[in-house]
Each structure stands twice: as structure tokens, then as C-alpha cells.
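The structure appears below as C-alpha cells.
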Amino acid sequence: MQRIITIERFIIEREHEIPGATGEFSKLLTDIALAAKIVWREVSKAGLVDIIGSTGKVNISGDVVQKLDEFANEIFINVMQKGGHLCVMASEESKGLIEIPEELAKGKYVLVFDHLDGSSNIDVNVSIGSIFGIFRRVTPSGKGTEEDVLQPGRNLVAAGYVVYGSSTIFVYTTGNGVHGFTLDPSIGEFLLSHENIRIPKKGDIYSVNEGYYERWDENMKRFINYLKAEDKATGRPYKLRYVGTLVADFHRTLLYGGIFMYPGDTKNPEGKLRLIYEAAPLAYVVEKAGGRASNGFQNILDIKPTSLHQRTPLFIGSEEDVKLAEKFLQGKAED
Ligand code: AFP
């Protein structure tokens, strides 16, 4: 029988790989797994109790806030602020920084997260997820500031995501391999199921909301037309898959290869996705799995954010597919 490894054991066993780790970092990751389990518990009850449905409020990014959405944000804040490992947090849901209360201990790490990604899919049983990234603080001590949060993805020391889907999976990396853990609901533990995930160099699936085609620029249109054209030698046409939950589309892309895209368009020049909570953490994961993430012109990990809720176009997935997208977007490709 294969050895059963829980996420907690795995994190402890790999602690020595993180330069300067004192155990604090491992506890932080374990706390994130705990928050994810609590969110999963509520997500799996979503159809049963009166927890789903819109509160009618609109969050900072303009999306209608779902009750489960608010709950997930509170759980993450609640679990994470008490650990003593963080100096500040920032979430897609909260307008400003999430400070660690005065009376609680502060640590050397910074947590950025999208507590519940794909919330418009909650009511229809389609996969949703959470995304997180961890930075080391740059300010010396005390309360964390915006400076600690506005760091390029290149500075991340860990990142990952959870998909609450047909099964619940927690995927993370601390820079040395990308590993996935599937939740066994009967024992309430995340068990190692996908060790050292590598994304294929090239895929045959593209993922984009093609309903916005008319709003794209000519280079973007040309790229999509290229992927759809018949050409056996280059493996075209590509298949199209689009869940509408970034984490779910990303997870498929990571395992099967291909490219996920959320470009800018005439209505939203910077697209929809947030650099800090969504694009950068997933870019870190994909790069550590051998893939690539770009805004079409620049590696996502090199972009230094200037504001908390900054958006960015995102092209993420297999290295060859993303490089090809960049060529098209920069007008350098021949179709
Ligand atoms: P919601 O949380 O409002 O469902 O938005 C999800 C999301 O931010 C991301 O998870 C999807 O990839 C993207 O939006 C889908 O956006 P479109 O509906 O514009 O395709």
C-alpha cells in the first residue's frame, strides 16, 4: 500500500527546503489548509442550508457579494490573524489592508488571498476556489503596511490554491515543486495525491471568454483564429474549455496543459483579474511547474503593483502556448 501523507506531515518534512525557515512558515501553511477545510465544509452545504444567495451588496471589485463569499472572507481572516505569523493581509473582498488586531502577535509574513473565486458559480454547483500568496514582509517590524503587500510576484515565498469541485484539492508550492493534496472528507484531511506537478510544455486546449471577441484588438482576434484553424502539424484546432472560475480553469490548464486567457478589451483595458490576489500567485505556481504567465508583454511575476486592487490581462499556462500568445499580442507572429 502506498504511504499516506497528510498535508501537515508533508509541510513539516519539506520545511528544511525554505531558506531561513523557523517552523513559523509551516504553521502558516497549515493554517491556510485549515481555513480551506472550513470553507469547504460550508461550500459543500451550499445547496442545503440558507447560506447561498446574494446579500445584494457589491464589493470593491464591483461583483455582487454572495453570503458564502462573505463567510469565506471572514474565515480566512479569523483563522489567519490569530496564528502570530502575519503582519498584514489583503483580500480581493476587502477594500483596504486587513490589519492584525493590536492585541495579537505580529509575524514576518504577508498574506494575500482571493477567499472565494468564481462566486457567481456557487448557486449552480460549478467549481469554485480560493487562491493565496505569501510574501516576506519588507518593513522591519510592527504593523504591516501597503509596502509589504505591493510586492512583485517574483518575491512570493509560497503560493497556492484550492478547488472546491467534484473533489476538493489543495495545490501549493514554496518554490521547490508544486504539490497537490486531495481532501478525504471521511477523515477531514488533505492527502498527498499529486506530487511534483509539471505542466506540459505545449497543450491543445484554450480557455477564454470568447463572448467578448468583438471587444478584442486585432492581434488577440488573430491569435484565437489561429488556435481554431485546422493544421495537423501544429496540433490545431485547439479544444475550447471555459468554466468561468479562474481556479478551476487554471487547475485544468496546469494538469493538461494549454492556455488560459483573460485579455484586456475595449470595455476593460486591463481585463478583470486582480494582479495581487489572482494573477501573481497563480503565475508563481505555474512557473514552478514549468509553465509561464504573462500580461502579453511582460512576465506577470515582474510586475510591481501600484495599488491593492490593480487588474491585469492574464495569459497563463504551457510555456510554448504562452510564448506564442505573446508573439501574437505583440504583432510578431505570422498566422
Ligand atoms: P466571479 O467571482 O464574479 O464569479 O468572477 C470570477 C472571475 O473573477 C474568475 O474566476 C473568472 O475566470 C472570471 O471572473 C470570469 O469572468 P467572465 O464572466 O467575464 O468570463
Side-chain angles (χ1 to χ4, degrees), residues 36 39 42-43 46 51-73 76 90-95 112-133 159-165 169 171 205-216 220 224 240-254 258-283 285-286 293-296 300 308-317 322 325:
V39 173
E42 295 307 309
V43 168
I51 198 167
I52 53 168
S54 165
T55 59
K57 282 190 248 163
V58 169
N59 74 3
I60 181 70
S61 306
D63 310 317
V64 173
V65 179
Q66 305 275 305
K67 278 188 196 164
L68 189 56
D69 218 352
E70 282 184 352
F71 175 84
N73 199 41
F76 267 92
S91 140
E92 192 233 315
E93 183 73 17
S94 307
K95 190 171 176 198
V112 295
F113 62 97
D114 180 355
H115 58 299
L116 208 60
D117 174 56
S119 48
S120 58
N121 276 331
I122 295 173
D123 287 355
V124 287
N125 273 23
V126 174
S127 297
I128 49 182
S130 305
I131 307 172
F132 67 90
Y161 63 87
V162 189
V163 185
Y164 313 101
I169 185 162
V171 176
I205 300 174
Y206 76 103
S207 187
V208 69
N209 189 336
E210 215 169 326
Y212 304 143
Y213 185 89
E214 287 303 329
R215 295 182 188 156
W216 295 339
M220 178 66 197
I224 297 302
L240 168 63
R241 298 283 185 273
Y242 192 71
V243 177
T245 296
L246 170 64
V247 186
D249 280 314
F250 176 76
H251 184 61
R252 182 201 55 247
T253 306
L254 188 67
I259 183 166
F260 170 88
M261 296 164 264
Y262 205 112
D265 62 30
T266 49
K267 188 164 173 235
N268 300 302
E270 294 304 311
K272 178 180 183 189
L273 304 175
R274 293 82 178 161
L275 175 60
I276 296 179
Y277 317 110
E278 300 175 308
L282 296 185
V285 172
V286 88
S294 165
N295 67 359
I300 291 287
L308 287 179
H309 293 281
Q310 184 172 333
R311 294 171 195 269
T312 178
L314 179 64
F315 299 83
I316 190 165
V322 175

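For ligands, and for the atoms within them, numbers begin at 1 and follow the listed sequence. Only a predicted model underlies this, so the values are computations on that prediction, with no experimental measurement involved.
In this structure, a donor-acceptor pair under 3.5 Å is present between the side chains of R252 and S207. With no hydrogens or angles considered, a side-chain donor-acceptor pair links S91 and N73 at under 3.5 Å. Between T312 and N295, the side chains place no donor N or O within less than 3.5 Å of an acceptor N or O (distance only, hydrogens not considered). Side chain to side chain, S130 and Y164 meet the donor-acceptor criterion of an N or O pair below 3.5 Å.
Summarising the geometry, atom CD1 belonging to I276 is positioned 12.0 Å from atom CG belonging to D114; distances are rounded to the nearest 0.5 Å.
Remark: ligand 1 and F260 share no N or O pair separated by less than 3.5 Å (distance only, no angle test). Checked against a 3.5 angstrom limit, the closest N/O atoms of L116 and ligand 1 fall outside it. No N or O atom of T245 sits closer than 3.5 Å to an N or O atom of ligand 1.
When non-hydrogen atoms are compared, ligand 1 lies under 4.0 Å from the side chain of N209 (C-beta onward) but not from its backbone.
Taking the six-membered ring for Trp and the full ring otherwise, F250 and F260 have centroids separated by 6.0 Å or more. Aromatic rings of Y277 and H115 (six-membered ring for Trp) have centroids beyond the 6.0 Å cut-off, not under it.
Within the listing of ligand 1, atoms 1 (P), 4 (O) sit less than 4.0 angstrom from a heavy atom of S120. Close approach of ligand 1 to L246 is summarised as follows: ligand atoms under 4.0 Å from at least one heavy atom of the residue are 9 (C), 10 (O), 11 (C), 12 (O). Annotation for ligand 1: atoms under 4.0 Å from non-hydrogen atoms of Y212 are 17 (P), 19 (O). Of all atoms in ligand 1, numbered sequentially from 1 with element shown, those under 4.0 Å from a heavy atom of L273 are 8 (O), 9 (C). Near Y242, the atoms of ligand 1 lying under 4.0 angstrom from a non-hydrogen atom of the residue are 15 (C), 16 (O), 17 (P), 20 (O). Those atoms of ligand 1 that come under 4.0 Å of a heavy atom in D117, given as number and element, are 8 (O), 9 (C), 10 (O).
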